[in-house]
Amino acid sequence: MRRLILVMTVLCVVTLYVLAVATGNTSVLSQYFWFAFGFASLLVLTLVLMAGSYWWKLLQSRHRHEFGSKIAMRLAAMFTLVAVLPGLFLFGVSAQFISHSIHSWFGNDTEEALNRSISLSKSALDYELDNSVRRAANIQIALMAANSLEEPLLPVLESNDKNKQFSQLNIRNLSNNQLVAEYNPQHLPTPELNDNLIQNLHTTGSVHEIENINNILYAQGWLILPGRAHDNALFFRQPIPAKVAQDATLIEAARAKYGELSFTKKSLQTFFLATLLMATLLAIVLALLVALLFARQFVAPILSLADGARAVAKGDLDIQQTIYRNDELGQLTSLFNHMTVQLRHSREQQEAARHYLEHILNSLTTGVVTLNQEKCLITFNQMAENILGQNLNPILGQNINQLSEQDPQVAMLADVFQQILVTENQNKPAQITYNHKDETLILLGKATPLPEDSGGGTVLVFDDVTALVSAQKEAAWGEVAQRLAHEIRNPLTPIQLSAERLAWKLHDKLNEADAQILNRATNTIIRQVAAMKDMVETFRNYSRAPALKFTNLDLNELIREVLVLYESSNCTFAVNLSKIAMNVNADSGALRQVIHNLLKNAVEAATADSSPEVSILTELNNEHILFYVSNNGKTFSQEMLLHAFDPYVTDKPGGTGLGLPVVKKIIEEHGGRIQISNQKNGLACVKITLPLQVNRNAKQ
């Protein structure tokens, strides 16, 4: 853009110079005036288009509400006024001055002065002409005397050479136009005689005039030579004095030029005004374009700083703005670049501190969640997602009080966070039961307020204590079971033996009615003792697991063997066993007990439906075996979902509540995992996960 404006400036200067030179009528470029004017008009049009294009860009920027467009428009408008108004004012004044000057040039005083000067010049020339005629008359008399005496005429002519009065003298015969005698040392041309001239000579006796030869004024003329024939005439030519001739020439040239200018007065005024107008337009438009470019360059550092500020606001601290100049704006740009460098270093330090903190948080075995003052989730560590079993990114930035309106899993998260928030002003943590999909977890959480100078908010810290609580419960129930079995088992055998002995001793000593009563009473005692022995045996199995003998067996074959026991059941079995062998290292008896317990519970629950059905499915998932038992009819209650594996928790009439805890214990001893859930299709489902390769029980 700068180079283009520089080229346009050079073209404008050259064009104005040519136009100014071509304005004069005597200039060799005067005939090219209108060509120069047309080229200048083309330059003006080009500059106007360039300025208009820049103005259009400014208007578009203003319409798009771009930053800096207002100040650019304001500067452009100010520079436009500064460039246009003085130019128009000078054009008006100059036009008036030119018009007044031209009128003054051609005023009456000037014309009168020129006329009088011409009159004076003519008088001087006439005077010199009269002097020449008088001198020539003397030569005429001498010639007439020589002629009368029939003497040669040439010596008379050459005698003029002594006084150097005349530059040329000759005698012509008027009848035949023959040269009789001549004195012409400068070889000046002799005018031709014509009939008119001869008639005037015969009439007046003399003819004289002023002649310009080679820019030298001469007084010349013809004088008749009276004689016998009257056929000769004397021609004389004498130079006008140099001073008089020079003045006369200048006055005549001025008069001619004045006459020419007077004739072209209107066109001259038009040329001057056109040149002035074109010079004004070129100056105004070029100044306007330069002013607009200056405004653009002036705003450029501000726009650059604005772009940099926007980039910094978006987080881009690597940006460095170009320094356009060495003034205050350049210093401001330099300070901005220094600021971005400092901010980048500060952010790098903050990022390092944040990464350090994140590394520490991710290294923790507890979940950490941070809420702001509006109770919106803002940060969390990876362990929080692992414990809760959910991706927390979708709810990042949301208020936890509004999460209850979303799907059930997210609503459960909101309930967990709210229960932990209750402990913010308490010293004791909260123990929370959290059911994620088909697994019940026990969380221990505590809320702590953050300091106000860090923005406030609350940090929630929680941990999964399911295994610890389960271990504590199992240890407690095992100890209870051992003591209960020991305390109950000791008196059971004496009670049974005493009842049998009492029945044997008295069965023949009582009448038939009393004997029957005794028999029923003793049988009842014996059956209840047997039931209590079975309960004690179950306590013993729960409190002290038997030693397991691991062998390599096929889970599918074991399931088929147990299913044979339920062929006579009124329940329909949908069996879908994997075609791939499910080889596991397990205790056959213990695993058979697990399968039998699950099928027995499923059949009992399915009888609540008019068409009881139990589904069995096995499949491989990576390096794990999945075993599903599902039934229709009765599903798990909410209490069972939360506490199904706790001892003595059951929803079956007459159940001991030790079946699922024992199953869970056996599965865990095989390195597996058991989960219960209610499916969306209305089925109750038990899922067992076993590894393909299982190490021996840790107890062994």
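Not measured: the values here are computed from a predicted model.
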>> Does any part of the side chain of Leu460, heavy atoms only, come nearer than 4.5 Å to the side chain of Val368, both counted from C-beta?
In response: no
> Got a donor-acceptor contact below 3.5 angstrom from the His670 side chain to the Asp587 backbone?
Replying inline: yes
>> Walk me through whether Glu668 and Lys665 qualify under salt bridge (Lys or Arg N to Asp or Glu O under 4.0 Å).
In response: CA-CA 5 Å; Glu668 289 178 349; Lys665 198 168 186 179; over 6 Å; no
> Between the main-chain N or O of His596 and the side-chain N or O of Tyr566, is there a donor-acceptor pair closer than 3.5 Å?
Replying inline: yes
> Is Thr635 reaching over with its side chain to a backbone N or O of Leu683, donor-acceptor style, under 3.5 angstrom?
Replying inline: no
> Sub-3.5 Å donor-acceptor pair from the side chain of Asp463 to the main-chain atoms of Leu444, do we have one?
Replying inline: no
> Which value, rounded to the nearest 0.5 Å, describes the distance between Gln679 atom CD and Lys687 atom NZ?
Replying inline: 9.5 Å
> Minimum heavy-atom separation for Leu558 to Arg592, with atom names?
Replying inline: CD1-NH2, 3.5 Å
> For residues Gln675 and Ser677, is any side-chain donor paired with an opposing acceptor at under 3.5 Å?
Replying inline: no
>> Val614 vs Thr572, test: side chain to side chain contact (heavy atoms under 4.5 Å, CB included). Steps then yes/no.
In response: CA-CA 6 Å; Val614 175; Thr572 302; over 6 Å; no
> So, do Phe573 and Val603 sit near enough that their side-chain heavy atoms are less than 4.5 Å apart?
Replying inline: yes
>> Show the nearest heavy-atom pair for residues Glu424 and Lys446, with the distance to one decimal.
In response: O-NZ, 4.1 Å
> Hey, which of Asn393, Asn399, Leu371 is the one that makes side-chain contact (heavy atoms from CB on, under 4.5 Å) with Leu377?
Replying inline: Leu371
> Does a side chain donor of either Ser615 or Asn631 reach within less than 3.5 Å of an acceptor in the other side chain?
Replying inline: no
> Short question: side chain of Thr524, backbone of Arg520 - any donor-acceptor pair under 3.5 Å?
Replying inline: yes
> Quick one: does Leu692's side chain get under 4.5 Å of Ile625's, heavy atoms only?
Replying inline: yes
> Where is the tightest heavy-atom contact between Thr366 and Asn381, given as atom of each residue plus distance?
Replying inline: O-ND2, 3.1 Å
> Just by modelled atom types, is the Ile580 backbone N or O under 3.5 Å from a matching donor or acceptor in the Ser578 side chain?
Replying inline: yes
> Looking at Ile674 and Ile667, what are the two nearest heavy atoms and their distance?
Replying inline: N-CG2, 4.2 Å
> How many angstroms lie between CD in Glu351 and OG in Ser346, if you round to the nearest 0.5 Å?
Replying inline: 10.5 Å
>> Keeping Asn632 on the side-chain end and Glu613 on the backbone end, is there a donor-acceptor pair under 3.5 Å?
In response: yes
> Just checking, any donor-acceptor pair under 3.5 angstrom between side chains of Asn597 and Gln593?
Replying inline: no
> Are side-chain heavy atoms of Thr370 and Thr458 found at a separation under 4.5 Å?
Replying inline: no
>> Can you confirm whether Tyr628 sits close enough to Glu619 that some side-chain heavy atom of one is under 4.5 Å from a side-chain heavy atom of the other?
In response: yes
> Counting distance only, does the side-chain N/O of Asn622 pair as donor-acceptor with the main-chain N or O of His624 below 3.5 Å?
Replying inline: no
> Is there a side-chain contact between Phe462 and Val416, using heavy atoms and a 4.5 Å cut-off?
Replying inline: no
> Closest approach of Phe636 and Cys685, non-hydrogen atoms and distance?
Replying inline: CE1-O, 3.8 Å
> If every non-hydrogen atom of Leu598 is compared with every non-hydrogen atom of Ile688, which pair is closest and at what distance?
Replying inline: CD1-CD1, 3.3 Å
